[in-house]
Student: 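Take a look at the following structure, please.
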Amino acid sequence: MKIVRIDVGEVFIPLAKPFKTALRTVENVEDIVVRITADSGEVGYGEAPPTAVITGDTKGSIRCAIEDFIRPALLGMEIEDLDGIMHRLHTCIVKNTSAKAAVDMAVYDLYAQRFGAPLFRLLGGFRDTVETDITISVNPVPQMIEDSLEAVRQGYRILKIKVGKEGLADVARIAGIREAVGGGIRLRVDANQGWTAKQAVRIITAMEDKGLQIDLVEQPVPAHDLEGMRMITGTVATPILADESVFSPEDAAEIIRTHAADLINIKLMKTGGIWQALKICALAEMYGVECMIGCMLESKLAVSAAAHLAAAKRIITRADLDGPSLCRIDPYTGGPVYENGIIRMTDAPGIGIAGVPADFAG
Ligand code: MG
């Protein structure tokens, strides 16, 4: 099965409501889509969002990396030579992890189709359902409480609360939500680098003192401040999850070696795809560091690739794969089924998504 075409297109999907974090506000998913065609006629799909404030990748840079560097490097290669393809993908250009992730997942889609298996079975096949949280955007407290209650009514049992804009006022925010949803709902808190280390210790300690039962606190301090994150991790009881601090397997190794965080958040757009994410899983498993799998503002295509990885690996104990739930419509056909926080894998070969209404004309 030889790679004969690599096409780049775009997909546009409106969000149900604006997505707001300490870093940005977004109203639509506007992503690059990759379609790889094999000489046998099968196609594999991948997707990459332009998350400039986190990855540095823009629509233009993703397109350019694929069209000018990755496509010429991979055309003509045999899909069965997965190791060879991944070596070229990761050496033909440095960084550009979103572009690499989109191509990586399209290659894995075809690779699994080649062997007639759903991707998660080839990668390890640990489970066939994955429970995801849903993100509650940063807003005035009454709206965050209403959004939380609405998510619980829809069936979500885990909420990820975006904070990091208002220091200690974030404690009242979380307390209000905890009081509204009750004790049976798991709450995760994501500061998106919004605190200093000392602020984080004060805020997290205050949440502990109030008995708010926080599942984890994600990326309390700026990505480069590993010393600060290590201090927080060593001081508070609440588990600390490294997100923006961990892109590559090398980053994960550093976090694990220095005990800078308790947990690692894997995102395909940071690692450059499944191939590299598997290395983080292997490292984390060796050292007993549990992982979460997350996504950027991605639609069902890229999130389903991540869901396959999550379903495959025991060390991925938490999932933050709410991209499709935040979209106003699902423009795809096929793929895993998303229902009220539970993602059900199917037996379709590959990633399983068949209909991709992207514009490949560009
Ligand atoms: Mg995060």
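Whatever order the structure lists them in is the order used to number ligands and atoms, beginning at 1. Since the structure is predicted, the reported quantities are computational estimates derived from the model, not experimental observations. Just so you know, these numbers use all the heavy atoms, side chains as well, and skip hydrogens, waters and symmetry mates.
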Student: Sequence neighbours excluded, which residues qualify as salt bridge (charged side-chain N to carboxylate O under 4.0 Å, His left out) partners of Arg24?
Tutor: none

Student: With sequence neighbours excluded, give me every salt bridge (Lys or Arg N to Asp or Glu O under 4.0 Å) pair touching residues 261-284.
Tutor: Asp243-Lys267, Asp243-Lys270

Student: Is it true that Asp322 and Lys160 make a salt bridge, defined as a side-chain N closer than 4.0 Å to a carboxylate O?
Tutor: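 So Asp322 does not pair with Lys160 through a salt bridge.
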
Student: Salt bridge or not for Glu150 and Arg153, using N-O below 4.0 Å?
Tutor: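 Here Glu150 does not pair with Arg153 in a salt bridge, since their nearest N and O are not under 4.0 Å apart.
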
Student: Tally every protein N/O/S atom whose distance to the Mg ion (ligand 1) is less than 2.8 Å; waters are neither shown nor counted.
Tutor: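 Every protein N, O or S atom under 2.8 Å from the Mg ion (ligand 1) counted, the figure is 3.
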
Student: What salt bridge (Lys or Arg N to Asp or Glu O under 4.0 Å) pairs are there with at least one residue in residues 36-59, not counting sequence neighbours?
Tutor: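 Every salt bridge (Lys or Arg N to Asp or Glu O under 4.0 Å) pair that includes a residue of residues 36-59, provided the two are not neighbours, is Glu10-Lys59, Glu30-Lys59.
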
Student: Does the side chain to side chain donor-acceptor pair (under 3.5 Å) test come out yes or no for Thr132 and Tyr156, once each step is laid out?
Tutor: CA-CA 8 Å; Thr132 178; Tyr156 288 91; over 6 Å; no

